[in-house]
Amino acid sequence: MLKKKICMVGQFGVGKTSLVRRFVDSIFSDDYISSIGVKIDRKDVTVGTTAVTLMLWDLAGEDDLKQLNVAHLRRAAGYILVADGCRATTFEKVIELQGRIEQMLGPLPFVIVLNKSDLRDAWEIEKTDSEERGWSTYETSAKDGTGVEEMFHSFAEKLMNNGASNEDSIE
Amino acid sequence: MNEPETLDLLAALGCAIFERHRQDEFALCGTPPVWISSIFDARLQRIRMEDIFPFLEVFLPDAEEFWIDPGERPVLRSDYWVQKDLEGGERQFRASAILLKRGSSPDRKLIAIEDAELGFQEAQRLVHHAHETSLAYDKIAKLSRALEHATAAKSEFLARMSHEIRTPMNAVLGMAELLLETPLNAEQRELVNVFQRAGDNLLSVVNDILDFSKVEAGQVELEHIPFELIDVLERALEVVAIRAHAKDLEVSGRIAPAVPACLVGDPIRLGQILLNLLSNAVKFISSSQSGRQRCLKRSGVIPEKRTTPDP
């Protein structure tokens, strides 16, 4: 089956692991557990009539002590940059990470995800902040599931349409 | 340490050892650990490591470089990674690239995979603690900013309201003054006097509120002008005298001879301080208590000196 590697990238605590867990296992836990290293999950989806396995690489959130290891994005078909809508600094981190990844790996398909839409009253980021950069942007809530499935499916579609330029592999 | 010993040691540490035969082709060697069966069928002779441990697709290129030139490094270790086992449970691993030198024979290129649950949990606890501290700090900073905004809004509201009240109040007081200059009978004059005094009191309350909001906003600027101390003291005494007399208390001011008659500073603020102290004194001293005397010294400190013992 066709495989696509997708990396989840962003500052710590924005909900990368929760988004994957919501998408893959349909569950959410309020307990925050910091990720370290890389967590790899797989999810089979169908895009059009094509079955594809998404290899979801959840990369440990960047913090003051540890920088993102861009080498972990090697052979990725694309990446998902996640910010926490309630913390403006996490969107600044998204901008910084996007620049760093593109500088080291060249242009790769990516989308922006503003997570925690269930806490919209406390949001410090507007969707337009991201869209005006020309970035495809989604609002999600890993907690109640809003927008999660759509976001992953749309991105998978985008990667499939992006064609053979990606690092595809067939099992 | 010789070759079999190294392999035995790695096996004793619970590592699964894979030897690289060709690019992309590895074989399990030595005694495999028990956990290996939960990840893949260990009977497979030749395997692609990335198919079993997907994380290795980013580690193997580094391992290839290491095997060519390890330099001074005895081993190359990977980051931790988490993947699901065949039953869907999460497992934590870490990989090491090892180069076994064998003299004239070709070197052996090994990948040791360790079940890293304990080390992973320990590292995770440390990182988690740092993240929670950082998130708590962010939350406190945000609350502090919100508090500052709320205080500023309150001060601004008070300042505006004080201003809005003072303007018509000044008109009322001005009219009362003009009214007093017109022919009035004794009763009318007393009535006008009453609402003029009440107006003065109200204005002073409003001024105090305005001062309070200025203090909170850090906008208080002290005057630096020459003034007569006696004037300030007398004005303060006049204000409290009525209430003191009502309690059968007598107030009087005495300026020590050493205090200069003319001082430089803010007479209005000094007047407020004196008035506050005197008002409290009148409020809290009963008529049976004798008065106390305060001395003004050159240093500006006002120590209290008891002139008669408390009953």
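Proteins come first, then strands; the chains are lettered A, B, ... in the order of their sequence lines, and each starts at number 1.
Rounding to the nearest 0.5 angstrom, the gap separating the SG atom in C86(A) from the NZ atom in K142(B) is 6.5 Å. A distance of 14.5 Å separates CG of L59(A) from CH2 of W81(B), quoted to the nearest 0.5 Å.
Listed by sequence position, S134(B), L135(B), D138(B) are the residues of residues 132-139 of chain B in contact with chain A, using a 4.5 angstrom heavy-atom cutoff. Interface residues of residues 52-60 of chain B toward chain A, defined by a heavy-atom distance below 4.5 Å and sorted by number: P54(B), F55(B), E57(B), V58(B). When the heavy atoms of residues 12-33 of chain A are compared with those of chain B, the residues falling under 4.5 Å are F12(A), R21(A), V24(A), D25(A), Y32(A), I33(A), listed by number.
Residues N69(A) and D79(B) have side chains in contact (heavy-atom distance under 4.5 Å, counting atoms from C-beta outward). Counting heavy atoms from C-beta on, the side chains of Q121(B) and I36(A) never come closer than 4.5 Å. Side-chain contact between K39(A) and Q83(B): absent, with no pair of heavy atoms (C-beta onward) separated by less than 4.5 Å.
Open room surrounds CD on E122(B); 12 or fewer heavy atoms of other groups in view lie less than 6.0 Å from it. Surrounding CD1 of I268(B) are at most 12 heavy atoms belonging to other residues, nucleotides or ligands under 6.0 Å away. For E126(A), the CD atom counts as loosely surrounded, since its 6.0 Å shell holds 12 or fewer non-hydrogen atoms of other residues, nucleotides or ligands. More than 12 heavy atoms of other residues, nucleotides or ligands sit less than 6.0 Å from atom CZ of R120(A).
Looking at R125(B), neither its backbone nor its side chain comes within 4.5 Å of chain A, counting heavy atoms on both sides. Contact annotation for Q11(A): neither backbone nor side-chain heavy atoms come within less than 4.5 Å of a heavy atom of chain B. Proximity to chain A (any heavy atom under 4.5 Å) is restricted, for E50(B), to the side chain, taken from C-beta onward. At a 4.5 Å heavy-atom cutoff, Q92(B) makes no contact with chain A through either its backbone or its side chain.
A27(B) is linked by a side chain to side chain contact (heavy atoms under 4.5 Å, CB included) to H21(B), R46(B), counting only residues two or more places apart in sequence or in another chain.
Proximity of a side-chain donor or acceptor of Q124(B) to a complementary backbone N or O of S34(A) within less than 3.5 Å is detected.
For the set R87(A), M55(A), K66(A), the count of heavy-atom pairs under 4.5 angstrom toward chain B peaks at R87(A).
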